[in-house]
Structure formats: structure tokens, C-alpha cells
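This report concerns only the one structure given below.
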Protein chains: 2
Amino acid sequence: MNDIKRLPDSELEIMMIVWDAKEKVTSDFIMEKLSKSWARTTVLNFLARLCDRGFLSCTKKGRHNIYSAQVKKEDYLKRESRSFLQKLYHGSLTGLVASLYDGKIVSKEELEELKRFIEEAE
Amino acid sequence: MNDIKRLPDSELEIMMIVWDAKEKVTSDFIMEKLSKSWARTTVLNFLARLCDRGFLSCTKKGRHNIYSAQVKKEDYLKRESRSFLQKLYHGSLTGLVASLYDGKIVSKEELEELKRFIEEAE
DNA sequence: AGTTGTATTCTACAACTGTAAAATAAGGAG
DNA sequence: CTCCTTATTTTACAGTTGTAGAATACAACT
């Protein structure tokens with residue numbers, strides 16, 4: 001039961017909106033927040049699939065559905081980050097950061113911020 | 001032409017072996033290095049798909065094929081890391097590292113190593 | 001209560017993935 | 001040169017994902 005699997009991109013995008021909302025949401029809320037221009041039925045279908053996977057629960061409120069997260073964001077991010085790090089960098093965090101920095105994905109300022117985080121974390 | 005897309009997990013696993021070999025490889029080499037116990041035809045199929053995608057090139061040497069990487073590992077890792085960071089952490093590197101540290105995926109030692117990397121990177 | 005509008009659920013379908021058996025092709029043994 | 005081995009290529013097929021039209025259901029209005 002406990003096996004949280006990786007979500008497909010589209011469902012992840014929706015799940016992120018739910019998580020970041022910090023409370024129960026409606027499909028209208030999701031539609032508003034989405035950058036994509038998916039058809040309503042498309043979004044509803046993704047929501048349904050997320051329920052099937054156990055990532056969301058769904059209760060009816062009048063003619064609308066109310067969705068709420070059943071998997072904790074931290075847990076999901078943790079799992080995905082671990083497997084990402086493992087698959088692409090053989091588990092080397094420094095390797096990942098080096099790649100991001102050398103590839104100019106993160107700036108010197110972001111590295112500074114990261115350094116402060118590390119210094120505080122001890 | 002330049003659009004490198006994300007590889008499916010299985011193909012990525014094979015691609016990592018090719019990249020890490022630092023030279024042209026045969027399917028036998030791949031088979032040896034693999035942790036999975038895929039059938040030979042399965043591996044060959046993945047190799048063929050990687051050729052179709054333009055990640056590998058394939059030349060014949062007698063009855064064997066020789067494969068070599070056509071996409072640079074750094075480029076692929078850079079792209080994937082950026083999109084991963086964006087999708088899961090809204091682009092926040094510190095967020096990612098915090099999640100890994102709080103989730104006990106990386107140790108204090110690894111953070112120290114990372115700090116040294118940051119200090120040298122300036 | 002019957003009709004209408006629209007949110008939700010079903011159904012559909014093509015493309016992509018994981019996996020490998022069947023078919024083919026070509027080097028090497030006799 | 002012919003046959004056997006075995007690496008490679010084809011074909012197959014079920015499950016997943018992206019995407020949305022059709023069908024349904026139900027609140028609201030007359």
C-alpha cells in the first residue's frame with residue numbers, strides 16, 4: 001500500500017497545485033491556477049486518476065467535487081529527489097549542484113544562499 | 001532538431017552505462033554492466049530505440065554492433081536537473097537540498113563536501 | 001414536475017513504455 | 001559451399017499517459 005510511485009508530468013502539475021494550496025480544493029481552483037490550457041474534462045480526468053492512485057481523496061459538495069491531498073508533499077519530494085539523485089548522479093549531491101552551477105542553471109547568489117543553509121544546518 | 005527529450009527509465013539506465021564507459025560499447029558490455037536481468041532482445045530493443053532518438057549511433061563490426069553516445073552526458077544531466085528543480089521545487093536549489101537533508105537522504109558529511117565545493121566555486 | 005445548464009464520469013484512442021518471442025541474417029565450422 | 005550459431009531486427013502486446021468528446025447526473029429555474 002505504501003508504495004508511492006512517480007506521477008506522470010501532467011498529474012504532478014496538478015498535484016503541486018493542490019499541495020501548494022494547503023487546503024481542500026475544487027476543480028475550478030485548479031483550472032484557474034493552471035498555466036496549461038487543458039480542457040475541463042482533461043483536468044477532471046487527471047484528478048480522477050490521482051484519486052485512483054491514492055494521491056487525492058474526493059468528496060462531493062452539491063454538484064461539485066472537493067479534493068484533498070492524501071500523500072504528503074515532503075514525502076513525495078523526498079522520494080523523487082532521492083531517486084533522481086541516484087539515477088542521474090549515482091547519489092552524489094555535489095555532482096548535482098556542480099552540474100547546475102556549471103550549466104548556469106543556478107547563480108552564484110543561489111549558491112551563497114545554499115551555503116548559508118548548510119552553515120545553519122548544524 | 002535540438003530538442004533532447006527526457007528518456008524513459010530503462011533507456012536512461014542503459015544510456016548511463018554508455019556514458020560512463022567513456023568510449024564505444026557493445027551490447028555484451030552493456031549486458032555485463034546491467035544490474036537488471038533483462039533478456040538480450042530487450043536490451044537490444046532499448047539500444048535501437050536510443051538510436052532512433054538520436055542518443056546513440058550504431059555501426060556494425062562483423063556480426064556485432066558498436067554503439068556510441070551522440071548526446072553529451074553533461075547536456076542531458078543539465079536539462080533534466082533544471083526541469084526537475086523547476087517542476088518539484090519551483091526552481092529553488094536550497095529547497096531541494098533542504099528536502100534531501102531533512103529527509104536524511106544526504107548526510108552531514110555530504111553537506112560539508114558540498115560546502116567546500118561552493119567555497120571553491122568563486 | 002419538466003427543462004436546462006453545466007460539473008462529473010465514461011469511453012475512446014493514439015503515442016509511448018516495458019518486455020520479449022519470432023524471424024532474419026551473417027560469421028564460422030565442416 | 002552448406003549448415004549451425006547466435007547477434008540483430010521485427011513484430012507483438014499489454015499497460016500507461018495525454019487528451020478530450022459523449023454520456024450522465026443533478027442543481028436550479030419556470
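Naming: A, B, ... by sequence-line order, numbering from 1 per chain.
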Taking the side chain of B/His64 as its heavy atoms from C-beta onward, which of C/dG28, C/dT9, D/dT8 lies nearest to it?
D/dT8
Of the listed C/dT19, D/dA28, D/dG18, the closest approach to the B/Trp38 side chain comes from C/dT19
Spatial distance of atom CG (A/Asn65) from atom OG1 (A/Thr26) [nearest 0.5 Å]:
9.5 Å
A/Trp38 versus A/Ile14: any side-chain heavy-atom pair under 4.5 Å?
yes
Taking for each residue the nucleotide of DNA chain D bearing the nearest heavy atom, is the 5' side occupied by B/Lys60 or by A/Ala39?
B/Lys60
Measure the distance from CZ on B/Arg49 to C1' on C/dA20 and round it to the nearest whole Å.
11 Å
Ignoring the backbone of B/Leu44, work out which of D/dT17, D/dT8, C/dT9 is nearest its side chain.
D/dT8
Electrostatic pair B/Asp9-A/Arg6, nearest N-O below 4.0 angstrom:
yes
Please state whether the phosphate of D/dT17, meaning OP1 or OP2, lies under 4.0 angstrom from any side-chain nitrogen or oxygen of A/Ser10.
no
Just the rounded figure in Å: distance from C1' of D/dT10 to CG of B/Leu47.
16 Å
Rounded to whole Å, CZ of A/Phe46 lies from C1' of D/dT19 at a distance of 7 Å
Flag for A/Ser107-A/Glu110: side-chain donor and acceptor within less than 3.5 Å:
yes
For residues 19-35 of chain B, which residues have at least one heavy atom under 4.0 Å from DNA chain D?
B/Ser27
Classify the side chain of B/Asn45 and the base of C/dT19 as holding, or not holding, a donor-acceptor pair under 3.5 Å.
yes
When the nearest nucleotide of DNA chain C is assigned to A/Arg40 and to B/Lys36 on a heavy-atom basis, which residue is associated with the more 5' position?
A/Arg40
d(CZ, A/Arg63; P, D/dC26) in whole Å:
13 Å
Given D/dT9, is OP1 or OP2 found less than 4.0 Å from the side-chain N or O atoms of B/Asn65?
yes
Separation of C/dT17 C1' from B/Glu11 CD (nearest whole Å)
8 Å
Does any N or O donor sit under 3.5 Å from an N or O acceptor when you compare the side chain of B/Asp9 with the base of C/dT17?
no
Would you mind telling me which of B/Met15, B/Glu11, B/Glu13 makes a side chain to side chain contact (heavy atoms under 4.5 Å, CB included) with B/Phe46?
B/Glu11
On DNA chain D, more 5' by nearest nucleotide between A/Arg6 and A/Gly62 is A/Arg6
Between NZ of A/Lys5 and C1' of D/dT17 the distance, given in whole Å, is 14 Å
If you look at every strand shown and take non-hydrogen atoms under 4.0 Å, does A/Thr41 touch a base, only sugar-phosphate, or nothing?
base
Report the distance from atom CG of B/Asp52 to atom C1' of D/dT8, rounded to the nearest whole Å.
14 Å
When both distances are under 3.5 Å in a Watson-Crick or G-U wobble arrangement, the nucleotide paired with D/dT30 is C/dA1
Distance test, side-chain N/O of A/Thr42 to OP1/OP2 of D/dA20, below 4.0 Å
yes
Within a strict 4.5 Å, meaning less than it, do heavy atoms of the A/Glu80 and B/Ser99 side chains meet?
no
Salt-bridge contact B/Lys73-B/Asp20 (side-chain N to carboxylate O under 4.0 Å):
yes
Reported CD-to-CD distance for the pair A/Glu109 and A/Glu113, which is rounded to 0.5 angstrom:
10.0 Å
Could you tell me the separation between the NZ atom of A/Lys61 and the P atom of D/dA25, rounded to a whole number of Å?
23 Å
